[in-house]
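Presented below is the structure to which this report refers.
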Amino acid sequence: MLNIVLFGPPGAGKGTQSENLIAKYKLVHLSTGDIFRANIKGGTELGNLAKSYIDKGQLVPDEVTIRLLESEVNKNPSAGGFIFDGFPRTSAQAEALDSFLDSKGQSITVMLSLEVPEEELKRRLLERGKTSGRADDADPNVIQKRIDVYNAETTPVKAYYQQQNKCSEIHGVGSIDEIFSRLSSAIDAAAVK
Ligand code: AMP
């Protein structure tokens, strides 16, 4: 099993790179943001709840997010591994993921941390907002809030994986192909350990 956490701030390129990585490594892509957006579109109860946080740039509560993630993993019993994109975003989520995987005799292979300067993130998000149809990409105040929430609540997740010697920092500026090749090298190095 190859289980990858693709980590980084909003606009770091997690979604774009996940698309390429799942094709190369034959993994199941689990993006909590994508799942929330699908639920919003479908008008589900979960979608309505998630929307009230997402529109403000806040995190959806851990309890809800962890339950969702576990049920999505359980829907894919024959997966050869997962890319967790946008999860975990808090220390509590990271701990919950470890104990959940542990209960299945699995673990995280590597955490890839995409490193992108804040000004570049804001530029990318505003650009994406022109076409993504995402309200949280279109408003500079919501973008700033998401970055602030990342700095306050999500950066401790990096230290969590550093303590386990599983964090690999990846320079996240460059062409999509360049960044993909940096990510692939880090995965290949971690997979043979
Ligand atoms: P993303 O598509 O990863 O940028 O996520 C969009 C929004 O969904 C975030 O700004 C949060 O409001 C919510 N969200 C996604 N993943 C999580 C998570 N792991 N924990 C809490 N909220 C999340």
Side-chain angles (χ1 to χ4, degrees), residues 3-22 28-74 82-101 108 111-116 118 120-161 170 172 183:
N3 290 315
I4 298 169
V5 171
L6 191 54
F7 183 82
K14 300 185 295 294
T16 306
Q17 293 296 340
S18 289
E19 294 304 319
N20 295 331
L21 292 170
I22 52 167
V28 172
H29 179 208
L30 286 188
S31 156
T32 39
D34 283 353
I35 300 165
F36 286 137
R37 279 185 290 277
N39 275 274
I40 292 171
K41 220 172 166 186
T44 68
E45 201 179 317
L46 172 68
N48 292 338
L49 175 86
K51 188 173 175 5
S52 65
Y53 294 93
I54 292 174
D55 284 355
K56 288 187 243 155
Q58 296 169 350
L59 294 182
V60 178
D62 280 339
E63 201 189 288
V64 177
T65 309
I66 290 166
R67 204 173 345 116
L68 171 73
L69 191 280
E70 292 182 354
S71 94
E72 291 294 324
V73 170
N74 286 336
F82 294 89
I83 292 195
F84 299 103
D85 160 7
F87 184 98
R89 258 176 158 98
T90 63
S91 300
Q93 290 180 15
E95 284 165 23
L97 180 60
D98 266 354
S99 49
F100 175 65
L101 290 177
I108 293 298
M111 182 269 219
L112 304 166
S113 176
L114 283 168
E115 308 288 327
V116 178
E118 190 165 316
E120 172 72 7
L121 296 173
K122 290 182 195 166
R123 195 190 58 74
R124 289 186 190 176
L125 289 168
L126 278 172
E127 192 57 35
R128 185 170 81 185
K130 291 179 189 165
T131 52
S132 68
R134 283 178 57 169
D136 61 343
D137 284 344
D139 180 340
N141 294 324
V142 176
I143 289 176
Q144 187 62 54
K145 174 72 181 169
R146 287 160 67 200
I147 292 174
D148 292 347
V149 165
Y150 173 83
N151 288 331
E153 297 181 50
T154 305
T155 50
V157 171
K158 189 167 160 183
Y160 179 88
Y161 287 103
I170 308 291
L183 290 166

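We count ligands from 1, going down the list as the structure has it; atoms in each ligand are counted the same way.
In terms of protein heavy atoms, atom 22 (N) of ligand 1 is closest to Val60 N, 3.0 Å. With hydrogens left out, the protein atom closest to atom 23 (C) of ligand 1 is Phe36 CE1, 3.8 Å, a heavy atom. Atom 20 (N) of ligand 1 has its closest protein heavy atom at Gln93 NE2, 2.9 Å. From the protein, the heavy atom lying nearest to atom 7 (C) of ligand 1 is Ile54 CG1, 3.8 Å.
Close approach of ligand 1 to Thr65 is summarised as follows: ligand atoms under 4.0 Å from at least one heavy atom of the residue are 18 (C), 19 (N), 20 (N), 21 (C).
Only the side chain of Arg134 comes within 4.0 Å of ligand 1, judged by heavy-atom distances.
For the ligand labelled ligand 1, residue Lys14 lies outside the 4.0 Å heavy-atom shell.
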task: Apply the test side-chain hydrogen bond (donor to acceptor under 3.5 Å, both in side chains) to residues Glu63 and Thr65: give CA-CA distance (whole Å), side-chain angles for both, the deciding distance (0.1 Å), then the verdict.
output: CA-CA 6 Å; Glu63 201 189 288; Thr65 309; over 6 Å; no
message: Could you go through Glu70 and Asn74, starting from their C-alpha distance and side-chain angles, then the distance that decides it, and tell me whether this counts as side-chain hydrogen bond (donor to acceptor under 3.5 Å, both in side chains)?
response: CA-CA 6 Å; Glu70 292 182 354; Asn74 286 336; over 6 Å; no
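Side chain of Arg146 to main chain of Gln58: no donor-acceptor pair is present (N/O by atom type, distance under 3.5 Å, no hydrogens or angles). Using a distance-only test at 3.5 Å, with no hydrogens or angles considered, no donor-acceptor pair links the side chain of Thr44 to the main chain of Ile40. No side-chain donor-acceptor contact under 3.5 Å links Lys51 to the backbone of Leu46.
With Val73 as the fixed residue, the side chain to side chain contact (heavy atoms under 4.5 Å, CB included) test singles out one of Val28, Leu97, Asn3, Leu30: Leu30.
Under 4.0 Å is where a charged nitrogen must lie from a carboxylate oxygen, and between Lys158 and Glu115 at least one such pair does. With respect to the salt-bridge test (charged N to carboxylate O, under 4.0 angstrom), the residues Lys130 and Glu127 qualify.
Of the polar atoms of Tyr53, none of the N or O atoms is found under 3.5 Å from an N or O of ligand 1, judged by distance alone. Any N or O atom pair closer than 3.5 Å counts here, and Leu59 shares no such pair with ligand 1. Considering backbone and side-chain N/O of Thr32, one or more are found under 3.5 Å from N/O of ligand 1.
Closest to atom 18 (C) of ligand 1 by heavy atom, among Arg89, Gln58, Arg146, Lys51, is Arg89.
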